[in-house]
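Just follow the structure's listing: the first ligand is 1, and inside any ligand the first atom is 1. These figures come from a predicted structure and were not determined experimentally.
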Amino acid sequence: MTHRLLPLALLGVLWLVPTRSPAASDLVVADFEGATYGAWTVTGEAFGTGPAQGTLPGQMRVDGFEGKGLVNSFHGGDGTTGTLTSPTFRLERPYLRFLIGGGKDVERTCLKLLIGGKVVRVATGPNDKPGGAETLAPEFWDVTELAGRDAVLQIVDQATGGWGHINVDHIVQTDRRPPGVITNATREFVVRQRYLNLPIRNGAPKRVVTLLADGVTVVRNDVELAPGTPDFWAPMDVGGWRGKTVTLQVDRLPEDSTALSSLVVSDAIQGADDLYREPLRGQFHFSSRRGWNNDPNGLVYFNGEYHLFYQHNPYGWGWGNMHWGHAVSRDLVHWEELGDKLLPDDMGPMFSGSAVVDWNNTSGLGKEGQPPLVLIYTAAGDPTVQGIASSTDGRTFTKYAGNPVLKQITGGNRDPKVLWHEPTKKWVMVLYVTLAGGKHTVHFFTSPNLINWSLASVTEGVAGTPYLYECPDFFELPVDGDATNRKWVLTAANSEYAVGTFDGTTFRPEHSRLPGHRGRGFYAAQTFSDIPAKDGRRIQIGWFQTETKGMPFNQSMTVPLELGLMTTAEGPRMTFAPVRELGVLRSRTHGWPAQNLTAASPNPLAGWQAELVELRAEFEPGDATEVVFGVRGATVAYDVVRQELVVNGHRAPAPLRQGRQALTLLVDRTGLEVFASDGLTYVPMPYQPDARDLSLSVAVRGGTARFNTLTVHELSSAWPKAADSPKGL
Ligand code: FRU
């Protein structure tokens, strides 16, 4: 054996020689793995007393560094300054490589190489605009001509505004030229097709990708560009520049990256042959064709269509690059995605907000006989401000030239929800504002025209509890369906709410805060504006945090929920019900006759299978202790003794109503939603059933339960069939 292997081993050594000469070993100048900066000298506050162990408080996630420690001048936030200077060292290799991230300012956030006190090289992070990422990326300097000279490195943070910090790690002298990085690599296109499909790889370093038309930056995003084979393709819509020449520019591209050369120009989304049929695509929950979604935005009914805008990262699987994606539906069930309508601009990324129809054209943004649809959004730059955009056709939106319409109150103020208050004939905006000391408040503003806003009141919380965090919504609901007895409801992102009165200026809650949904993964819900009075419903959609690993999209929306207020012994409480329109999806229905079930009863649902399930049951538990539903591996149990629902182990109060419990279960590929106690209990739950498990069951424990109704509907997909799949056209 040995003699046969020997030549191979020798060959291996010989083969390695040219690339790994032992004489050419790297010299580590600094790896910042110690508890202190050692012989480096610190001035100011920004660098702390030693290397940071990753992300600092209040900072976006820092990655791309090596080992555990790095230089991170975000100590005390962006406001602090300082320098970090190395001891003198000799330049003994032709290349000096390092990792760098943070602010892009060659004077004030940078790494400098000094010889005899003179700056001979300088490098910065990639960020000079709101948004961006804290990822450190490799860079190097060719210092051949400086061989043998004594040098000093200085890391500088003299900036105090946005991106006023610098991250550096792993500074190494080396003989091997690291792969070069091309600055501002470009590719030109004459636009003949709608999309530039960008190759995306999750976790790849973020590059600043800019689209230039006529030399002007029209689109700018931070993109995890795949240097080789992508995880998926993200379409950039260039349809607006048809016939023109546009340039795609990447701020820093490794010279061996195929990102620009592999980019696919097409009228279709690349790799979307199975669009809407992907294994983890919710089949009756909205999700975006590509990229990440969070909050629903701008929910409004206009010209016979429900509009759903949403926080969208078109170019990544994770959060970032906030755009407003756009989809429409005529029935709240079948949605058509139309592309992104609000793109990040000089004022910042487009954070959450709302939409209204300006029926009386108070804003003057309408045309003769055509009231404008007005979007009110947060531009989350520095400062963070509120802006508006309008449309008369519900398709093309124009940002108002006089933006912002509301200046920054305090940093991070956001998520304007606007409504028309008929009694005072004014627009009302609720806005999330953090006051000094981190106090979460809702500020109420009023306006005659959606453009000029004045502060009306500040709600600091209910019964002394500061609580309303992000995404407020504010609307009236009839109590027990009685249109003459209406109450105002203020909700927050986590679905907590307060019920009270409103005089056009001040909201007066009648009790301390109340829990909304009772499940998991539900956030930032919003209700539709302008649903016709004759319909009269208040319909809400929440962000359903259904993580879909391995898919070219991530997250989704809950089903549309009809809200109500129901009188209980404790006062009026909010109720949730899936909208009746979902009934159009029922493809096969089976109802079982009223029956008593005991522990000895066989499973009545045996023999029934379904992938997409709506299960409805109304039962009187009698002396049973538990009623347990099994749906495709999920367990939804009703604990009769504690009057609680237990959904995949998660408990939620669910009182019996007149000795009965009525449950509705909706099960999709990425989550289930359970409604109980006449809507008082709503339990959304991200969950991924095993594709092969189509089983359904009901079992009763401890006694006899009377089932008055038991119905299973198999649902069909709400998405277009493969044959007529729009493929993004
Ligand atoms: C809630 C939220 C909003 C913000 C948006 C940004 O999920 O943080 O407050 O506007 O997301 O995407």
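Below 30°, between 30° and 60°, or above 60°: for Trp324 and Phe309 the angle between ring planes is between 30° and 60°, a tilted geometry. Aromatic ring pairs are classed by plane angle as parallel below 30°, tilted from 30° to 60° and perpendicular above 60°; the pair Tyr315 and His323 is perpendicular.
Sorted by chain and number, the residues within 4.0 Å of ligand 1 by heavy atom are Asn294, Asp295, Gln311, Trp319, Met322, Phe351, Ser352, Arg414, Asp415, Glu470, Cys471, Tyr523, Trp543.
Remark: Glu278 does not engage Arg289 in a salt bridge, criterion side-chain N to carboxylate O under 4.0 Å. Taking 4.0 Å as the cut-off between side-chain N and carboxylate O, Asp128 and Arg220 count as a salt-bridged pair. We find that Arg61 and Asp63 are joined by a salt bridge, their nearest charged nitrogen and carboxylate oxygen being less than 4.0 Å apart.
Cation-pi geometry between Arg508 and Phe502 is not met: the NZ or CZ atom fails to fall both under 6.0 Å from the ring centre and inside 45° of the normal.
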